[in-house]
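Report on the following structure.
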Amino acid sequence: MKVLCVAEKNSIALSVARILGGGNVKTRSSTYKYVKNYDFTFDFKDGNGRSNVTMTAVSGHLYSHDFPSQYKSWDTITASKLFEAQIYEKATSDSAKIIQNIIKEAASSLKLMIWTDCDREGEYIGYEIVQSVQRKYPSFSIENTLRAQFSHLEKSHIVRAALNPTKLDKNAVAAVGTRMELDLRTGAIFTRFLTTSYQRNFTDLKAEKRIISYGSCQFPTLGFVVDRYKRVRSFIKEPFWYLDLIIKKGRIQYGFKWSRGHIFDRVYVTALLENCLAFSDKAIVSSIVKKPKINYKPFPLTTVELQKKCSNFFKFSAKDTLSAAESLYTKGFISYPRTETDSFPKKMDLKEFIEKQTQDAKWGSYAKSLLEDHKFCQPRNGKNNDEAHPPIHPVNYLSLSANLNAKEKTIYEYVVRHFLACCSDDGKGDSTTITLKWGTETFTANSIVVRELNYLEVYNYSKWVSTTKMLPELELNEEVPIFKCDIKDGFTAPPSYLTETELISLMDANGIGTDATIAEHIEKIKTREYISEKKVGTIKRLVPSELGMGLVQGFESIDFNNNISLSKPFLRKNLEIELKNICSGTKTKEQVLREMIQLYKEAFQLTTQNCDTLIKVYKDIQSENK
DNA sequence: GCAAGGTC
């Protein structure tokens, strides 16, 4: 009885094989360079004793979806035909080699067991694996295929998964199928329509063969950039006024902040000041509050957080960060870099990874102090878990001989310092707040004294320092002479253009893309020239191009019936809700597809009817800027 | 020549 196990990627196949094989694993090469076959024996406790097992892997999805060749022509096929056109699955040239390997291994196997990641896409990839085997050997089916349920690679957990297999989740498969079909149809239809319409009306776009693409993630991403840009442009500054109190203790002057902040009414501020002046020429110390101030260490590192931090601290684009992290992963220096999980599994031995860092010249002694001086603290637990991968952490020490580029070295150092910070204690300090009461008004002054840096010693990207100016020595209920109190003024400051970090946060919060694809969507709207980077000071900010503005403004000027807004995150969020409904069984794939396609059909009809408006909006934007 | 999702 031979069992064929198939994981989503080679690294998982290897880890699982090592655990189940118990150190007795034979490795064979496959027809695809990134996949290996691992042979071992394992007792599944299914009455068959020790079974022969081959553990292999795919490399993500096996098939991509496309329209048949008769729909290829953009000129002779009306775009809206693609709402109904048949869709077929095609294997890419790489997946053909992977499928070949699986089929070869399946030939001598009686059972198939799926070990893909336990998320929605993983479930679908499992389905693709079954399909590819079943096409050659019809005795294999969804029904008789086993599914291992695992959320991390801890030994006893993996063994339990092997002994308690379930079935593939058909609802999850249907949900992914829905997303694929909808994204392909709407993407192709709107892209063909926009490209041909814009090229027909703008000779430069035609000459450059520019593609004006629509995608359910591209447009909301562009929408965020345009939204902020418009808010900056339409900002009108407003004047405000506030009280600035200065007291004198001994020979030194101390400024106190007005607890009302600022007020947009000068007359009112003046009246308040006059009230106070009439009341007394002294203020009273109404409270002195001393309390500990904690500077919390970061949560364990997710992909999105890594991208945000690298954009902030090193000005790396999200895409560059991810590809450098991938390179570090394949070279074995860091853990899998695509993860949403921000808490470490309870049983994971973190000290083993700290130990490996003790040899470093820069942070080695800090790592040593965590272990030897018992300064180690269990990392904080975040609320997110993708049930597939632990947070990003260093796996092996980066030897100096490792052939890495500067970007990879910087990111490796960040991953290490972030990890060591997670295993440290929080920063600790004391905060003192003195409150003065003067007539009807209150004023405060605050100081912070840093006592222990702890994690900040190794996480040297952000500074935490004590307040430089000491607070005056005052006692509770002490009467303090007012030295002076002025009315000062200022203006509200405009928001700034979006940074890539902020864009990533917005996409993450609105469910636009996944940790693995957010960077790609941003990159895509850059290559489409919908947005560009603009350096403001030392910070890179994102601004829309005239074309990007034209697209969003154009769609916004069309009056869609059902409040459909193609450039807003609403539609995508709604799809996500529907996909969850399919997963939970409250809706079927057919039902959701029917409803969503109907929605997009109406939107497309309105778009084609208002094509002139789209073109005019872009033309107007161009002439405004001339 | 179109999308978004996996992975290397």
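Note that these values count all heavy atoms, side chains included, but never hydrogens, waters or copies made by symmetry. First the proteins, then the strands, lettered A, B, ... as listed; each starts at 1.
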Enumerate the residue pairs fulfilling salt bridge (charged side-chain N to carboxylate O under 4.0 Å, His left out) with a member in residues 121-134 of chain A, sequence neighbours excluded, ordered by first and then second residue. A:Glu121-A:Arg179, A:Glu123-A:Arg147
For every nucleotide of nucleotides 2-8 of chain B, 5' to 3': is a protein heavy atom under 4.0 Å from its base (B), only from its sugar-phosphate (S), or from neither (-)? BBBBBBB
Taking only distance into account, with no hydrogens and no angle test, what donor-acceptor pairs under 3.5 Å do side-chain atoms of residues 589-599 of chain A form with protein atoms, sequence neighbours excluded?
{"unit_1": "A:Gln591", "atom_1": "OE1", "unit_2": "A:Thr588", "atom_2": "N", "d": "3.2"}
{"unit_1": "A:Glu595", "atom_1": "OE1", "unit_2": "A:Lys587", "atom_2": "NZ", "d": "2.9"}
{"unit_1": "A:Gln598", "atom_1": "NE2", "unit_2": "A:Glu602", "atom_2": "OE2", "d": "3.2"}

Please tabulate, for the side chains in residues 68-75 of chain A, all donor-acceptor contacts under 3.5 angstrom to protein atoms that are two or more places apart in sequence or on a different chain.
{"unit_1": "A:Ser73", "atom_1": "OG", "unit_2": "A:Asp75", "atom_2": "N", "d": "3.2"}
{"unit_1": "A:Ser73", "atom_1": "OG", "unit_2": "A:Thr76", "atom_2": "N", "d": "3.1"}
{"unit_1": "A:Ser73", "atom_1": "OG", "unit_2": "A:Thr76", "atom_2": "OG1", "d": "2.9"}

Using the test ring pair (Phe, Tyr, Trp, His ring centres under 6.0 Å), find all partners of A:Tyr34 that sit at least two apart in sequence or belong to another chain. A:Tyr32
Donor-acceptor pairs under 3.5 angstrom involving side-chain atoms of residues 503-513 of chain A: please list them, not counting sequence neighbours.
{"unit_1": "A:Ser505", "atom_1": "OG", "unit_2": "A:Lys308", "atom_2": "NZ", "d": "3.2"}
{"unit_1": "A:Ser505", "atom_1": "OG", "unit_2": "A:Thr501", "atom_2": "O", "d": "3.1"}
{"unit_1": "A:Asn510", "atom_1": "ND2", "unit_2": "A:Leu506", "atom_2": "O", "d": "2.8"}

